[in-house]
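Here the structure is laid out as C-alpha cells; the discussion comes afterwards.
In what follows, every chain begins at residue 1, and chains take the letters A, B, ... in the order their sequences are listed. Quick caveat, the model's predicted, so the values are computed rather than measured.
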Protein chains: 2
Amino acid sequence: MAGRILIVDDIATNRIVLNFKLTAALYETAQATSAAEAIAKARDLRPDLIIVNVELRDINGIELCRRLRSDHLTRDIPIVMTSARRDPDRKIQALRAGAAEVFWKPLDDSLFLARLRSLLRAREREKELGVPAAYAPPSGFAEDIAGYEGPGHVAIVGSQIDWAHRLMRDLVQSTADRLCVLHDDAALSLSEASPAPDVFLVLADGGRPDKTLRLLSELRSRPLTRNSATCVLVPERAATLGAIALDLGANDVIEDMAEISELVLRLSRQLQCKRRADRQRSSLADELRMAVTDPLTGLHNRRYALREIQRIDELTRLSGRAYAVMMLDVDWFKTINDSFGHAAGDAVLVQMADRLRANLRPGDLVARLGGEEFVIATADTSLRAAQALAERIRHAIEETPFVLADGMPIGVTLSVGLTMGGGDTAPSSVSALLEAADQALFRSKSEGRNLVSVSRSAA
Amino acid sequence: MAGRILIVDDIATNRIVLNFKLTAALYETAQATSAAEAIAKARDLRPDLIIVNVELRDINGIELCRRLRSDHLTRDIPIVMTSARRDPDRKIQALRAGAAEVFWKPLDDSLFLARLRSLLRAREREKELGVPAAYAPPSGFAEDIAGYEGPGHVAIVGSQIDWAHRLMRDLVQSTADRLCVLHDDAALSLSEASPAPDVFLVLADGGRPDKTLRLLSELRSRPLTRNSATCVLVPERAATLGAIALDLGANDVIEDMAEISELVLRLSRQLQCKRRADRQRSSLADELRMAVTDPLTGLHNRRYALREIQRIDELTRLSGRAYAVMMLDVDWFKTINDSFGHAAGDAVLVQMADRLRANLRPGDLVARLGGEEFVIATADTSLRAAQALAERIRHAIEETPFVLADGMPIGVTLSVGLTMGGGDTAPSSVSALLEAADQALFRSKSEGRNLVSVSRSAA
C-alpha cells in the first residue's frame, strides 16, 4: 500500500481541498464526514494516518482524537489535526489528547507533507522494532510508567548560546528532566563514558540553515547519538527548513514561538517514545538471546549450534582453513538419573557445561544438543590439535569428581566423537558432518566409553 | 564512541590534510602509514570506517582492501578509497575488491562527509538488524548465493523519459536483472498487488533538484517502498545534490558519467545488500516467532502467555473492562502416557490444542504452560460469559473421543479453574491471578475432574 490516509471533516470543500493535495502527493485517501463515521472507518480500514479537522460538529475533533487513541484497534494510528483558528490553548489540548501535530490553516504544503512522511516513517519503524506488535507494552502503559523511570536528559544544542541559556531557564521551571546546554561541536564529540542525552533540542540557526541540517545529519549518523530523539526549534516562517529537518530524520519540529507548556509537552513525548524504543530494542535482544539459549545450562541450544556450524563451514570454505566438530555424551547418564534423581542429573549437566566452557577458547562453539548430549565446534584447527583438545576435555571430566547438591562427590566420564570439516576435505553438508561425529561417538560408546574416537572420514 | 576512522596513507601530508578534515568534523581518527600497519590496526582498533589511499607503496591499496574484506575481524568495516589519478578502470577494480566508494582527489568535502555519514548509518542499521551478528550469513556467502535467488528487479525512475530508456537499453546488455522504467509518480503509486522493485535507480533532475530529493523522501516514507534500495544518478558537478541525497537516505549516489560496468556493479551490490537485509528481517521474525511458540502444539508458550496476560491486564486497567483467565489441565494424563506411550500422550496434547483454538475467538489467548497444562485468557468479558465459554470447551473435549495414530479412539476430559481480572475487581498481580485460577483448578480436580470451578475471588 502506498500510504492510506483518512480525512475527517464535515465541510465538503475542506475535504475536497485536502483530498486534492493528498492524491496529488500520491496517497490513497478515504473520507469521513463526521466523528462517528471516522471511528467506524478508522476501525475498519486501519489507515496509516488520520487527518482530523478540530472544528467538527458532532463530536469535537479533540474528543474524537481522544477516543481513537483509547481504542486498541486505532490507538497506534498517528493523528494530525487542522484548525482554522490559531489558538495555542487548543493546540495544547489537541496534543494532550494524543494528536501528533496541529496545523493552522492555510497549510504550508511542504511542511505538511514532510510531517506526514515523517509520521509514516516513524510508524513503520515502530512496527519493525515491535514485531510482533503484541510484545510492546501498550502506549498508555508506557506513559503511566514514564514517571517511574526517573527524569530524562535533554540537551539544548545550538551556537546561539544566549538563546539556549534563556530557554534552559524557562524550561527548568516546568520539567523534572535534567537539562544542559551544548555547543554544536560538543554534541558531536560526546564520549562513551557518559550516556548520550535522551533528547537533543536543536536551535535552528536561521542565518545558517545548512549548519543546522548538517548537525542533524551528523547526530543521526553517529553511533552514540543515533538513537537519541531530536527536536528542532525553527523560526515561525522557516517552513522549508522544518520540512527538510523532518526529511533528514528529526523526530519533531517546533515553532520557536511555541509556549513553554507546548515545548515541555513535546519534549516529554519524545522522551517517552525514545524510552519505549529503547525498551523494545532491549526486549528484542533478550528474546533473541533466549531463543538460542539452553535454559538449564546457559549454553547455546541445538538450533543455534546447527546454524553456527553452517556459518563456520561457509567461512572456512572461503578461507580454505579446517575446523573440528565433536559430539560429546555423558556416560551412564540414565543410571545417574535413576540412582540419584533428576536434580542430581541436572546438577551434572550444569557442571559439565561449566567444565566444557572452561576448556575452550572464547571463539569456540559449545552447545547442548538435548538430553546429555553436547557439541563443540572449533575453527582454524588441525586434526591433531582437535584430538588433543578432545583428550584434554575428556580428562578434565574424568579427573575431578562432580559434586551433588548435598555435597556428595560422583565420578562422571564423557565419550567423544570427532570429525573435521573445511580445509582440503571434500565439501559435505553440515548434517553429514554431524552424522560422522555421531558415528565416531557411537564407536567410543561401544568400545567401552570414556574415549575419544575420530570419524573414518577425518582419520 | 563518536565514530572512529582509520586513515591509511604512506604520505605524511595526505594524512595531515585528511586528519584535519575529519577532526574538524569531530570524528576520532587513527592513522596507519602502510598496508601492514593498516591490517594490524584495523584488527586491533576495529574502527567504524577505513579510508585507504589507492597509491600505497608496500601493498597496493586495492589489494589491502581485498585482504581487509576477507578477514573475519575486519570484513564488515566499510572502506572508502581515495586516488590522485582519475582512472575509471581502477575505480571498478576497487569497487570489485569491496571498497564502498572511490573518491578522486581533490575531495569535495560536502559529498565526502555525507558519504561517511551514510556508510556509518548503514553499518549501525545492519548491526541493529543482525543482532546477534553471528546470525547473519557471512557476506561472502550472501554474494555466492545471490545468483541462486533469480534476477532482481530494478526500476529506473525519472521524468526524463528519453534518458531513462537509453539507460535501460544500455543496462539490458549487461545484467540479468529485470528492468523497467517508471515515471516519478508511478513509483509512488505502486500497488500492493505486485512486489516493489528491489532497487530504484533515480535519475536526478539537474534543473529541479528539489523534485528529486522529494521523490527520495517519499520513497523512503511509503510502507511499500521503504525497504527498497535507492541509487541516485547525479550530474558530475552536482556534489551538493549528491550529499543531500545521501543524508536523506539514498543508499548510493553515482555520477551520471559512470561507465555502464560501474553502474551494473553498484546496482548488483545494492541488490545484494537489500536481499541480505530482507533475509535478516525475516530470520529475525522467525526467531521471535519460535521464541514464543510451544514446538509440540504450535500454541504460544508459557513465557508469551505470562507477558500477554500482563498486557491484557494493563489495557483493561485503562479501559475498566474485565477479562477472564482459565487454567486447564488434561485429566488422567499420566495414565494415558503410561498405558499408550508418549506418542499417544503427544497426540492428545496436539488434538487438545486444536480443539481449544477452535472454540476461541481470534483475539483470545491460548497457550501451553507446560506438560498437560494450558491457559486461556479472554478480554472484554463477564464472569457469566467466561463460565459459559469454559463449559463449552469442557464439553467439546468430553463429547468427542480423541483419535490416536493407529485410529484407536480414546476418551479425554479436562478440568478447568476460572478467575476474573480487571473491571471493578481489586487490582492484583498477574501471578496472584494465576494462583487463583490454579486453586480453582485444584478444586475441579479434587471434586472429581471434568469440571469447571470459579475462584473464590471471582465467584
Check side chain to side chain contact (heavy atoms under 4.5 Å, CB included) between A:Ala97 and all other residues, then give those that pass, not counting sequence neighbours.
A:Ile62, A:Cys65, A:Arg66
Contact part of [X] toward chain A, heavy-atom cut-off under 4.5 Å: side chain, backbone, both or neither?
X: B:Arg226; answer: side chain
X: B:Asp210; answer: neither
X: B:Leu113; answer: side chain

Distance col, row A:Arg220:CZ vs B:Leu120:CG, nearest 0.5 angstrom, shows 14.0 Å
Reported CD1-to-CD1 distance for the pair B:Ile244 and A:Ile244, which is rounded to 0.5 angstrom:
6.5 Å
Ignoring hydrogens, what is the shortest heavy-atom contact between B:Ser217 and A:Arg121? Give both atom names and the distance.
O-NH1, 4.5 Å
For A:Arg303, look at atom CZ and say whether over 12 heavy atoms of other residues, nucleotides or ligands are found less than 6.0 Å away.
yes
Whatever's closer than 4.5 Å to a heavy atom in chain B on A:Asn301 counts as neither
Side-chain heavy-atom pair B:Leu26, A:Arg222 within 4.5 angstrom cut-off:
yes
